[in-house]
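Here the structure is laid out as structure tokens; the discussion comes afterwards.
Chain naming here is simple, since letters A, B, ... match the order of the sequence lines and numbering starts at 1 in each.
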2 protein chains.
Amino acid sequence: MALSSSPRVIDPGIFQIRVVDSWLEAMPHDGKNLLLSDKDRQTLCDLASPVDIREANRSLYRQGDTATDVFLLVDGLVRTSRIVANGNRQIIAFHWPGDFFGLSEHNLYVSDADSVSPSFLCRFSLQALEKAFAEHPALQSLFLVKALNDLREAQHQIVNVSQSDLPSRLAFFLLECAEHPECYDAEQHIVTLPMSRLDLADYLGAAQESVSRALTVLEKRQLIRRLSTQRLWLDTVHLPPFCTLDRES
Amino acid sequence: MALSSSPRVIDPGIFQIRVVDSWLEAMPHDGKNLLLSDKDRQTLCDLASPVDIREANRSLYRQGDTATDVFLLVDGLVRTSRIVANGNRQIIAFHWPGDFFGLSEHNLYVSDADSVSPSFLCRFSLQALEKAFAEHPALQSLFLVKALNDLREAQHQIVNVSQSDLPSRLAFFLLECAEHPECYDAEQHIVTLPMSRLDLADYLGAAQESVSRALTVLEKRQLIRRLSTQRLWLDTVHLPPFCTLDRES
DNA sequence: CGCGCCATTGATGATTATCAAATTTCGTGG
DNA sequence: CCACGAAATTTGATAATCATCAATGGCGCG
């Protein structure tokens, strides 16, 4: 699935910015996305270049490349990751439709970015963006609100990675996936994971074997059922308390 | 150290915003702080209310409190932390002079904030801030640049917490402390830790006993020397490679 | 001087990484 | 459509890391 019918062109209607809260009253939201004005949409539209990625695991940029653009994911899934000196890879974030990525430091990208599934994105030139900020302060507000949302998400991941044992962390991630209609069938309570076990492991800071074992643990407790490698049924009643309360049989 | 001579009043000169990179060319920096114009300083000054905290471990706000302000730390050290359901505390970040904190979601603070040492801060009303953004776009740029810096730092911590073993994580944190002149004597290579072992443990996602043992490991390898509980000599040559390369005797 | 808190050290058990092997899945070609 | 081979996933066994429980040591503060 995933690539239902990727759009190929950019029109003002495709832009959605995923947030759970806005921080600025001038920037309204519906709890899932920012509510963009027609003018905002047009401004974004004028700045955006389309990027159509038809394969999984295709590189968008590498850590250390000169940063010229930021990307807005419209459809698909992208991961940003970093290689640490012992050779391990840490996935810093999965980017869902409505997410920006392309963070840089000293004009160099700070991470790798790769497609996880076929994806359609908008590319925004940093130069053009900064110029547009001057003329359209609302555009800058949009980026500020989104950056603060991303900061909250990153802090949340810090807590999750640091505190819980692996089955709990995994359970938490599965529930996160269930919040994305792209991969969750709310009727059947079935998530279709778009990423491999290795991606999952590198995101959760674990070995892929440990992820398999954690899935076994959740299944033995009947919190999930493995319908296939990628398709999982979730017990949406008992899974949430498990994330935080930790083990007790 | 730490509380050399806390200022008690706000004047335009006290503002510094800690960043390593600006992202916006219109917002210049010197690699450590943003270079604020006199007008920026005056705008901040007009909005700021002083907060003088003379004790350590004093609460500024609690998770779930109604969020009315953001804070800029001028002098001292503040931690933001979250209590997870099993009762553990995770310190999400230490805030150094030049850092903002006070992140909220749905108008509620998402974490606790407490002084680690006596601190002097500026409080900014969210309402007033948003109004000022409309009139002074440069002020909003300042917040955007700082938010992106914080996001990078949070992502860095994700990598650090997930990947390394505890001695490496600790070594990394000690080097981070050494970048803050408030607690580092660059001549003698001595850091004076402003926080307790428990704070350290809750930041690194470990038990406090494990932090002690990690210190012992670093000392046995002669990467540090414990001059006193809080004062540590650092081998600034051999410590950096240890952070990333991990164990090899 | 002594009390109490914080830090360190010791011993044990739980979690997870690592090495290794078996099994399943999936794409490709017959 | 089936068979085969490569890759991904799962399971098994062992070792390293770290949390936990417990006790000792050190330091500041009254």
Less than 3.5 Å between a donor and an acceptor, one on the side chain of [X] and one on the base of [N], is that the case here?
X: A/Glu209; N: C/dC19; value: yes
X: A/Arg169; N: C/dT16; value: no
X: B/Gln208; N: C/dC6; value: no
X: A/Arg226; N: C/dT24; value: no

How close or far is atom [atom2] of [N] from atom [atom1] of [X], stated in whole angstroms?
X: B/Glu219; N: C/dA7; atom1: CD; atom2: C1'; value: 13 Å
X: B/Asn88; N: D/dC18; atom1: CG; atom2: C1'; value: 14 Å
X: A/Asp202; N: D/dA8; atom1: CG; atom2: P; value: 13 Å
X: B/Gln90; N: D/dA19; atom1: CD; atom2: P; value: 12 Å
X: A/Met195; N: D/dA8; atom1: CE; atom2: C1'; value: 16 Å
X: A/Leu198; N: D/dT10; atom1: CG; atom2: P; value: 12 Å
X: A/Asn86; N: D/dA16; atom1: CG; atom2: P; value: 18 Å
X: B/Arg231; N: C/dA7; atom1: CZ; atom2: P; value: 16 Å

Residue mapping more 5' on DNA chain C - nearest nucleotide basis, A/Gly205 or B/Val211: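 Result: B/Val211.
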Where each residue is assigned the nucleotide of DNA chain C containing its nearest heavy atom, which of A/Arg213 and B/Gln230 is assigned the position nearer the 5′ end?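 Of the two residues, B/Gln230 wins.
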Nearest to the side chain of A/Asp165 - C/dT15, D/dT20, D/dT17?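 The nucleotide sitting nearest to the side chain is C/dT15.
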Would you give the length of the straight line joining atom CZ of B/Phe94 to atom CG of B/Leu200, rounded to the nearest 0.5 angstrom?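 Nearest 0.5 Å value for the CZ-CG distance: 6.0 Å.
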Reckon B/Ser212 touches a base, only the sugar-phosphate, or nothing at all at heavy-atom distances under 4.0 Å?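 Base: the residue B/Ser212, judged by heavy atoms under 4.0 Å, touches a nucleobase.
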Applying a 4.0 Å non-hydrogen cut-off, can you work out what A/Ser196 is touching in the nucleic acid: base, sugar-phosphate, or nothing?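 Touches sugar-phosphate only.
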Phosphate contact (C/dT25 OP1 or OP2) by A/Thr229 side-chain N/O below 4.0 Å: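 The answer is no; no side-chain N or O of A/Thr229 sits under 4.0 Å from OP1 or OP2.
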For B/Ala171 against B/Phe242, the heavy-atom pair lying closest together: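 That would be CB-CD2, 3.9 Å.
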Least distance between heavy atoms, A/Ser117 atom then A/Gly76 atom: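 Taking every non-hydrogen atom into account, OG-C, 4.1 Å.
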Fit a plane to each ring of A/Trp96 and A/His180, take the angle between them on a 0 to 90° scale, and name the class: parallel (under 30°), tilted (30 to 60°) or perpendicular (over 60°).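 Rings of A/Trp96 and A/His180: parallel, as their planes differ by under 30°.
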For B/Arg169 and B/Leu204, indicate whether the former's side chain and the latter's backbone hold a donor-acceptor pair under 3.5 Å.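 At least one qualifying donor-acceptor pair exists.
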